[in-house]
There are 2 protein chains.
Amino acid sequence: MWFILYGMMLDKEKRIQEFIEACKGMGLKITPQRVAVYEVLLNREDHPTVEDIYNEIKKKYPFVSLATVYRTVETLEELGFVKKVAYWGGSIRYDANTSDHHHLICVQCGAIRDVEFRINWEPPERMEGYRVLNYSLHIYGVCPTCQAKEN
Amino acid sequence: MWFILYGMMLDKEKRIQEFIEACKGMGLKITPQRVAVYEVLLNREDHPTVEDIYNEIKKKYPFVSLATVYRTVETLEELGFVKKVAYWGGSIRYDANTSDHHHLICVQCGAIRDVEFRINWEPPERMEGYRVLNYSLHIYGVCPTCQAKEN
DNA sequence: CAGTATATTGAAAATCATTAGCATGTGGTT
DNA sequence: AACCACATGCTAATGATTTTCAATATACTG
């Protein structure tokens, strides 16, 4: 197992380096706040809200403010390091997994998980006049935790 | 063309009747507000927010209040006459098209259109412990209007 | 390595979307 | 027509996000 964990660690380090490079490229300053936000997102498998990120960051870096987390997450999205995940209601959720994947969404509690599988469909370049960029399959259902509560 | 328009009109009338029946069945009262909200949703091809619905209703029925539109839209969703549409940020959007279809979403302005086509994929009953209910393909791109602004 | 310009931050206030509380009004039933 | 429970309108409350602005820290320059 050690090589997997080691590989993941390297991968995260690499991504943080890429983020730092991207900031430099855009003339953005490298601040501990920016790095901390991206670090938290890279270490989470779920899809935290800004509030979630803020709460986790405060443990390690109590100096970071909520407004900064909002701003940083926005920056990360513009640079393509995280994606917003669609969900009706509640807060926006963020995902540092920018590879192609789909989402499993709990209609009760809003929990969102990534699922990796391929569908046999490729988006056309254009559709109804839209210039197509990407797509994602949203699968709605009831998560195990909420199923357990159903009684 | 007359027969298509006439058919659509009948269809909308029929849906309103179905809604009225459904309300009776659930012991809900038939109020002009409830009917007005569903009427607006049936007449729109786009995916209005609650605010949008409210503004349109006020023209014809100035007595309706915003809180009631929120409540009614919730009722319509519970009875299965409209669906919420996922979108990151801004307001929740509603869709009176409850048939299987997918969504084309503009990443610039948030405009959402229905697109009807089939993908060669059927959801499994269960997935990662979730009890699967339904799914929808979200295709992100830039709408014609926003493309026109790009210069 | 200090000095400086400027982007970034924290804190609080402002804004926007949505929900809740409560007094009043109305649909549907007798 | 009268009654009663549910629905509505208004307003205040809540929650999420954005903005403002003074204070601060980064990265550049000499």
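In what follows, chains are A, B, ... by sequence order, proteins preceding strands, each numbered from 1.
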Can you list the residues that meet the side-chain hydrogen bond (donor to acceptor under 3.5 Å, both in side chains) rule with T49(B), with sequence neighbours excluded?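 Once residues adjacent in sequence are excluded, the partners of T49(B) under the side-chain hydrogen bond (donor to acceptor under 3.5 Å, both in side chains) criterion are D52(B).
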
- Partner set under side-chain hydrogen bond (donor to acceptor under 3.5 Å, both in side chains) for Q33(A), not counting sequence neighbours: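 Q33(A) satisfies side-chain hydrogen bond (donor to acceptor under 3.5 Å, both in side chains) with no other residue.
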
Item checked: Closest-nucleotide ordering on DNA chain C, the 5'-leading residue of I30(B) and T49(B) ->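 Closest to the 5' end, via its nearest nucleotide, is T49(B).
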
Any donor-acceptor N/O pair, E116(B) side chain to S99(B) backbone, under 3.5 Å:
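No.
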
Q) Listed by chain and number, what are the ring pair (Phe, Tyr, Trp, His ring centres under 6.0 Å) partners of Y38(B), not counting sequence neighbours? A)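 Once residues adjacent in sequence are excluded, the partners of Y38(B) under the ring pair (Phe, Tyr, Trp, His ring centres under 6.0 Å) criterion are F19(B), F81(B).
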
Could you tell me how far apart [X] ([atom1]) and [N] ([atom2]) are, to the nearest whole angstrom?
X      : N       : atom1 : atom2 : value
Y70(B) : dA13(D) : OH    : C1'   : 14 Å
I92(B) : dG15(D) : CD1   : P     : 16 Å
N55(A) : dG15(D) : CG    : P     : 14 Å

What is the first contacted nucleotide of DNA chain C and what is the last, in 5' to 3' order, if contact means an atom lying under 4.0 angstrom from a heavy atom of chain B?
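It runs dA17(C) to dG28(C).
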
Practice problem: Name all residues meeting the salt bridge (charged side-chain N to carboxylate O under 4.0 Å, His left out) criterion together with E39(A); count only those two or more places apart in sequence or in a different chain, and write none if there are none. | Solution: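 So E39(A) forms no salt bridge (charged side-chain N to carboxylate O under 4.0 Å, His left out) with any residue.
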
Hey, what bend do you get for the helix from dC1(C)-dG30(D) to dT30(C)-dA1(D) if you fit axes on five pairs at each end, rounded to 10°?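 About 30° separates the two local helix axes.
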
Output every pair passing side chain to side chain donor-acceptor pair (under 3.5 Å) with a member in residues 18-29 of chain B, not counting sequence neighbours, ordered by first then second residue.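 For residues 18-29 of chain B: none.
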
Item to complete: Taking side-chain contact (heavy atoms from CB on, under 4.5 Å) as the test, write out the residues that go with P123(A), two or more places apart.
Response: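 For P123(A) the side-chain contact (heavy atoms from CB on, under 4.5 Å) partners, ignoring immediate neighbours, are W121(A), V132(A), Y135(A).
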
**Report entry** side-chain contact (heavy atoms from CB on, under 4.5 Å) involving D114(B) - partner list, sequence neighbours excluded
**Finding:**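 In terms of side-chain contact (heavy atoms from CB on, under 4.5 Å), with neighbours along the sequence ignored, D114(B) is linked to H47(B), D95(B), N97(B), H101(B), H103(B).
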
Nucleotide by nucleotide, nucleotides 3-12 of chain D touches protein heavy atoms under 4.0 Å in the pattern (B base, S sugar-phosphate only, - none) --BBSBBB--

Among residues two or more places apart or on two chains, list those pairs meeting salt bridge (Lys or Arg N to Asp or Glu O under 4.0 Å) that have a residue in residues 117-139 of chain A.
->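 Qualifying pairs, neighbours excluded: E128(A)-R113(B), R131(A)-E150(B).
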
Distance-only criterion, 3.5 Å: show the donor-acceptor pairs between side-chain atoms of residues 67-79 of chain B and protein atoms not counting sequence neighbours.
| from | atom 1 | to | atom 2 | distance (Å) |
| --- | --- | --- | --- | --- |
| T68(B) | OG1 | S65(B) | OG | 3.3 |
| T72(B) | OG1 | T68(B) | O | 2.7 |
| T75(B) | OG1 | R71(B) | O | 2.9 |

